[in-house]
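Numbered from 1 within each chain, the chains take letters A, B, ... in sequence-line order. Every heavy atom of this structure was used, including side-chain atoms; hydrogens, water molecules and symmetry mates were not. Treat the numbers as computed from the prediction; the structure is a model and nothing was measured.
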2 protein chains.
Amino acid sequence: MASRRHIIADDLRTQISTGRIKAGERLPSEAQLAARYAVSTPTLRNALAVLQGEGLVEKIHGRGNFVRHPVRRITYVGGGRRPDADTATDAALRMSVRTTHLPARGDLTTLLRVSASSPLIEFLCISHAETSPHSLARIYVPRDLAPADGPGESAIRQGVWARLSELRPPLAEVEERVSARFPTPREAATLRISSALPVLAVTRVATDTAGRVVEVARVVLPGDRADALFTRHTMSGDRRTEE
Amino acid sequence: MASRRHIIADDLRTQISTGRIKAGERLPSEAQLAARYAVSTPTLRNALAVLQGEGLVEKIHGRGNFVRHPVRRITYVGGGRRPDADTATDAALRMSVRTTHLPARGDLTTLLRVSASSPLIEFLCISHAETSPHSLARIYVPRDLAPADGPGESAIRQGVWARLSELRPPLAEVEERVSARFPTPREAATLRISSALPVLAVTRVATDTAGRVVEVARVVLPGDRADALFTRHTMSGDRRTEE
DNA sequence: GAGTGGTCTAGACCACGAG
DNA sequence: TCGTGGTCTAGACCACTCA
């Protein structure tokens, strides 16, 4: 029942958790490890894939396999009107934003409840922490809701979200659909992760009190270093609808 | 940039979406497909893994690869006090429940905020729809909150959740942490999915108005056929705490 | 038992990163 | 250039399903 990859993964896992291999250290090369465990390279790579999925090991092409620092987990906080995944703690993450004008098409027309070719603005946000990118968000807003084109990239960070929050009727509903899947080749390249590692994908639809969809966001987070957190406070006396 | 597996996956995907291969149909055997595309079996299997991850194809050991019916998606509804993942629509899913008494240990002590070895009850819930199992939930409740042992399995469905809902102070907070990861070998065997397919894992912590943790649930859903849905209604005039 | 997928082998060749 | 990981090959053998 226990396949070889799991036996090897278990062995390496205990070596990591007991500190025999320390965080940040490089593992021996895959060829060396394959020789040590007397398995072929694909099998050894499968064992490493298990550890990657657990967030214990990070592969870097051309350099080697590294033991991950266990702390580095991102938390996407749901239910809000945040532009992007935020770490709960440090705000010291750089974020790059690229703005694109485009017509509505495909799923977006359904989600935003607009007609095809309706003008949209896409904000493509990539946040980095330290060296590696770690979240990708594509945010779509009907163009008439977006701020004027003038201010340029730098103003977006405080600009768009503040305006959407304050100049518009408050949001009535935020709906977030979360799924676990593999990244598209495009997403894998952008996030610099293996396309064999699962990602957490969040599709967020925000509706204002008038029932208009004011924002659709597609957030992709690497599964090995991110969680999504949803909290619901039930006021006392508030009977939740049981349906 | 386009690897062979993706080229093959793209070809099969269009054959499926254009209806040349219909839902429910069996694909040719992997050996036949490998011969047709002139690749080795591992490469062809990688191509099928891509489609599996997209939820288009389901492998059944000893039988073949089948085109999935696109409708069959489960939705886990967050924020509630539901025992398990429910389909939004049909209640025609069988669920088996196994009850186990066990002492608190590991993460559970932290999550439930009880001391180690504190008595717990575990409800292991497996829900089936049609032929295949499609969700696994392990629910942990402090033993003094659980109903008397008497009623037996059959009463649990309406029993536990009704009691927890009504006999106790109402829940004050439900916190759900979602992650994308690979299943443990145990989970893969229970859900009858490949251990190479990502799952959506939800850890739900429910707290009552007295601040006591009354339930911890670990829900595992196959990523290729499940989403989690979280909805937040913001009352007009209700300024959400901006952190 | 025949046919299927699941795992593994022992290499090969290509792409990336660093000196 | 050299060592690294990324992808692929052409088989082998085992486990599962069904007749």
Side-chain angles (χ1 to χ4, degrees), chain A residues 1-10 12 25-53 57-68 131-132 182-183 185 188-197 224, chain B residues 1-10 12 25-53 56-68 131-133 182-183 185-197 224:
Chain A
M1 199 60 221
S3 51
R4 270 181 229 217
R5 68 186 67 173
H6 287 295
I7 295 172
I8 296 171
D10 289 348
L12 288 171
E25 249 178 57
R26 211 204 75 180
L27 296 178
S29 76
E30 299 187 347
Q32 287 175 314
L33 287 173
R36 174 188 303 179
Y37 289 108
V39 294
S40 65
T41 41
T43 301
L44 186 105
R45 287 170 57 73
N46 286 331
L48 289 176
V50 172
L51 299 175
Q52 269 182 95
V57 164
E58 175 165 18
K59 302 182 86 93
I60 305 180
H61 192 162
R63 292 185 57 202
N65 293 278
F66 295 83
V67 178
R68 283 259 306 280
T131 56
S132 56
F182 290 114
T190 307
L191 289 173
R192 297 177 135 269
I193 56 173
S194 157
S195 61
L197 279 181
D224 64 345
Chain B
M1 201 59 221
S3 50
R4 268 180 231 216
R5 67 186 68 173
H6 287 294
I7 295 171
I8 297 171
D10 289 348
L12 288 172
E25 249 179 58
R26 212 204 73 180
L27 297 176
S29 76
E30 299 186 346
Q32 287 174 316
L33 287 172
R36 175 188 302 177
Y37 289 107
V39 294
S40 64
T41 41
T43 302
L44 185 106
R45 287 171 56 73
N46 286 333
L48 290 177
V50 172
L51 298 176
Q52 268 183 95
L56 291 173
V57 164
E58 174 167 19
K59 304 182 86 92
I60 305 181
H61 190 161
R63 293 184 56 200
N65 294 277
F66 295 83
V67 179
R68 283 259 307 278
T131 57
S132 56
F182 290 114
R186 191 91 177 71
E187 291 167 347
T190 307
L191 289 173
R192 296 177 136 270
I193 57 173
S194 155
S195 61
L197 280 181
D224 64 344

Within the structure provided, determine whether Pro185(B) and His6(A) are in side-chain contact (heavy-atom separation under 4.5 Å). yes
Quick one: Tyr37(A) OH to dA10(C) P, roughly how many Å, whole number? 18 Å
Just how far is it from atom CD of Glu58(B) to atom CG of Leu27(B), taken to the nearest 0.5 Å? 11.5 Å
Taking the side chain as C-beta and beyond, is there a heavy-atom pair between Val50(B) and Leu12(B) under 4.5 Å? no
Kindly say if Arg5(A) contacts the phosphate of dC8(C), meaning a side-chain N or O under 4.0 Å from OP1 or OP2. yes
Rounded interatomic separation in angstrom, taking CD1 from Ile7(B) and C1' from dT7(D): 12 Å
Taking the side chain of Ser29(A) as heavy atoms from C-beta outward, which of dT4(D), dT7(D), dT4(C) is closest to it? dT4(D)
Quick check: on DNA chain D, is the nucleotide nearest Pro42(A) upstream (toward 5') of the one nearest Leu27(A), or the reverse? Name the residue that is more 5'. Leu27(A)
Determine the contact category for Asn46(A): base if any of its heavy atoms lies under 4.0 Å from a base atom, sugar-phosphate if only primed atoms, P, OP1 or OP2 are that close, otherwise nothing. nothing
Is there a side-chain polar atom (N or O) of Thr43(B) under 4.0 Å from OP1 or OP2 of dT9(D)? yes
Using a heavy-atom cut-off of under 4.0 Å over every strand shown, decide if Thr41(B) touches base, sugar-phosphate, or nothing. base
In whole angstroms, how far is the C1' atom of dA18(C) from the CD1 atom of Ile60(A)? 13 Å
Side-chain atoms of Ser3(B) come closest, of dC8(D), dG6(C), dG6(D), to dC8(D)
Can you check the Leu48(B) CG to dT7(C) P distance for me, whole Å? 14 Å
Side chain of Arg36(B), backbone of Pro28(B): donor and acceptor closer than 3.5 Å? no
Would you give the length of the straight line joining atom CG of Asn65(B) to atom CG of Leu56(B), rounded to the nearest 0.5 angstrom? 12.5 Å
Can you check whether Asn65(B) has a side-chain N or O nearer than 4.0 Å to OP1 or OP2 of dG5(C)? yes
Euclidean distance, Thr41(B) OG1 relative to Leu44(B) CG, rounded to 0.5 Å: 8.0 Å
Rounding to a whole Å, what distance do you find between Glu30(B):CD and dA15(D):C1'? 14 Å
Separation of Arg45(A) atom CZ from dT9(C) atom P, in whole Å? 14 Å
So, is Arg63(A) close to the dG3(D) phosphate, meaning a side-chain N or O under 4.0 Å from OP1 or OP2? no
Of Gly64(B) and Ser195(B), the one whose closest nucleotide on DNA chain C sits nearer the 5' end is Gly64(B)
May I ask you to verify if any side-chain N or O of Ser40(B) is less than 4.0 angstrom from the OP1 or OP2 atom of dG11(D)? no
Could you give the CG-to-C1' distance, from Leu44(B) to dA10(D), as a whole number of Å? 14 Å
Looking at Arg4(A), does any N or O in its side chain come under 4.0 Å of the phosphate oxygens OP1/OP2 on dT9(C)? yes
Can you tell me which nucleotide in dG11(C), dC16(D), dG5(D) comes closest to the side chain of His61(B)? dC16(D)
Between atom CD1 in Ile8(B) and atom P in dT7(D), what is the gap in whole Å? 14 Å
